[in-house]
Structure formats: structure tokens, C-alpha cells
Amino acid sequence: MVQLMQLRHGHAHAELRTTVTLEALSAGTRLGLITDGDAETLRDAWVLATNLRGALALRGNARDTDVLPGDVRELGVLAEILGMRVTGAELDERYSRAARLARAVTERLFFGWDESRR
């Protein structure tokens, strides 16, 4: 998502040429390439996904830290690791919602897709 903005506009804006995702996102906002609301949506999804990846790694029994477990009990353990006071099902819904919103922003901004036309 942010990498697409960097690829599209990095040649013209040196501040986008960073490997720190949230710095690039903030730079894109300052440059007017992305609205505050869209940046917040992407930031929230990135932070949640990154925290979940870290919790999966800490848990130590996941082969792939990029895939959430399907078991809501295991998701509940991840929520506890993250200090979130939610159930596994609530964490799953929170992640799904954040991912849906981030995908919609990405599709609209970087691919020109309009959800209302589908």
C-alpha cells in the first residue's frame, strides 16, 4: 500500500525514499498525496498487522507469522499478548475490518478502483 505511493512518487519526493513505512506514510500526507483520513486507515491497519505478526512470533508455534490462526482461542491468546481486552472473535473481526478498509483505500488511491461501481 505505502510502497505503491513510494514507487509512484518517490522519484519526485526524496522524503518518500525510506524503508520506514510509517515515515513514508506521514511524508505522503504532508505532500498531499494522501488525505489524513486515508493515512489513518492505512496506519491503523499496518500497526495492527505488525503487532499481530510480532505476537505470532512471540507465541512461537506459527510456521508463518503472516497468517492468522483460524482458531478463535489462539486469537484470544494473541489478544492477551498484545494487551488487548477483546476475545479471539473480536480480534478477528477487528483485523478483518482494518484489512477491508485498508484494501479499499489502496484500491481507490493507487489503482483508481471505485467501490461504488462494483
Side-chain angles (χ1 to χ4, degrees):
M1 47 190 163
V2 174
Q3 294 85 356
L4 293 171
M5 178 178 59
Q6 291 173 297
L7 287 170
R8 183 178 281 175
H9 301 285
H11 68 282
H13 303 286
E15 53 267 58
L16 292 174
R17 296 180 218 140
T18 176
T19 58
V20 181
T21 301
L22 294 181
E23 283 182 14
L25 188 56
S26 293
T29 304
R30 284 192 307 277
L31 291 165
L33 301 173
I34 186 168
T35 67
D36 289 338
D38 285 343
E40 183 177 354
T41 296
L42 295 178
R43 185 179 306 107
D44 290 348
W46 188 88
V47 167
L48 180 57
T50 300
N51 288 343
L52 283 167
R53 184 180 295 125
L56 281 163
L58 282 174
R59 183 80 170 123
N61 61 354
R63 289 188 188 139
D64 186 355
T65 58
D66 290 328
V67 178
L68 287 179
D71 181 358
V72 293
R73 291 173 297 185
E74 187 62 28
L75 287 169
V77 172
L78 296 178
E80 285 182 37
I81 290 171
L82 294 174
M84 302 170 79
R85 295 179 177 232
V86 297
T87 66
E90 290 168 333
L91 177 58
D92 187 46
E93 176 53 34
R94 186 177 291 184
Y95 174 77
S96 294
R97 183 175 193 279
R100 269 193 318 274
L101 292 172
R103 181 180 179 128
V105 167
T106 301
E107 289 175 347
R108 180 173 40 79
L109 290 181
F110 302 113
F111 300 118
W113 296 353
D114 184 357
E115 184 65 32
S116 65
R117 291 185 170 175
R118 290 185 184 187

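- Residue V86 is grouped with residue I81 when hydrophobic side chains (ILVMFWY) are merged at heavy-atom distances under 4.5 angstrom, including chains of intermediate members.
- When hydrophobic clusters are built by joining Ile, Leu, Val, Met, Phe, Trp and Tyr residues whose side-chain heavy atoms come closer than 4.5 Å, directly or via intermediates, L4 is grouped together with L31.
- Looking at R8, its side chain does come within 3.5 Å of a backbone N or O of F110 through a donor-acceptor pair.
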CA sep, side-chain torsions, deciding dist, call: T87, V72, side chain to side chain contact (heavy atoms under 4.5 Å, CB included): CA-CA 8 Å; T87 66; V72 293; over 6 Å; no
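- For the residue pair A45 and A98, the shortest heavy atom distance occurs at CB-O, 3.7 Å.
- Between the OG1 atom in T50 and the CG atom in L22 there is a gap of 7.5 Å [rounded to 0.5 Å].
- Using a 4.0 Å cut-off between a side-chain N of Lys or Arg and a carboxylate O of Asp or Glu, R103 and E107 qualify as a salt bridge.
- For the atom pair M84 CE and L52 CG, the distance stands at 7.0 Å (nearest 0.5 Å).
- Cluster annotation: L25 and F111 are assigned to the same hydrophobic cluster (Ile/Leu/Val/Met/Phe/Trp/Tyr, side-chain heavy-atom contacts under 4.5 Å, transitive).
- Here OG1 of T106 is found 9.5 Å from CD of Q3. Values are rounded to the nearest 0.5 Å.
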Residue pair V77, R73: steps toward the side chain to side chain contact (heavy atoms under 4.5 Å, CB included) verdict: CA-CA 7 Å; V77 172; R73 291 173 297 185; over 6 Å; no
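- E93 and R100 are joined by a salt bridge, as a carboxylate oxygen and a charged side-chain nitrogen come within less than 4.0 angstrom of each other.
- Residues M5 and A24 come closest through the heavy atom pair CE-O, 3.4 Å.
- Closest heavy-atom contact between A27 and L16: CB-CD2, 4.0 Å.
- The hydrophobic cluster containing L7 does not contain L42, counting ILVMFWY residues as joined when their side-chain heavy atoms lie under 4.5 angstrom apart, directly or transitively.
- Although no hydrogens or angles enter the test, the distance criterion places no donor-acceptor pair under 3.5 Å between the side chain of R17 and the main chain of Q6.
- Annotation for R108: atom CZ counts as buried by contact number, over 12 foreign heavy atoms lying within 6.0 Å.
- Residues L56 and V67 approach most closely at CD1-O, 3.7 Å, considering heavy atoms.
- Cluster membership check: V47 does not share its hydrophobic cluster with L82, using side-chain heavy-atom separations under 4.5 Å among Ile, Leu, Val, Met, Phe, Trp and Tyr.
- Here the straight-line distance linking atom CG of D92 with atom CG of L78 works out to 10.5 Å at 0.5 Å rounding.
- A 6.0 Å sphere centred on CZ of R53 holds more than 12 heavy atoms belonging to other residues, nucleotides or ligands.
- Atom CZ of residue R43 and atom OG1 of residue T21 lie 12.0 Å apart, to the nearest 0.5 angstrom.
- A salt bridge links E74 and R59; the closest N-O separation between the charged side-chain nitrogens and carboxylate oxygens is under 4.0 Å.
- If you take CG on L68 and OG1 on T65, they are separated by 10.5 Å, rounding to the nearest 0.5 Å.
- Side-chain contact between V2 and W46 is absent, with no heavy-atom pair separated by less than 4.5 Å.
- The side-chain heavy atoms of L48 and D44, taken from C-beta on, include no pair separated by under 4.5 Å.
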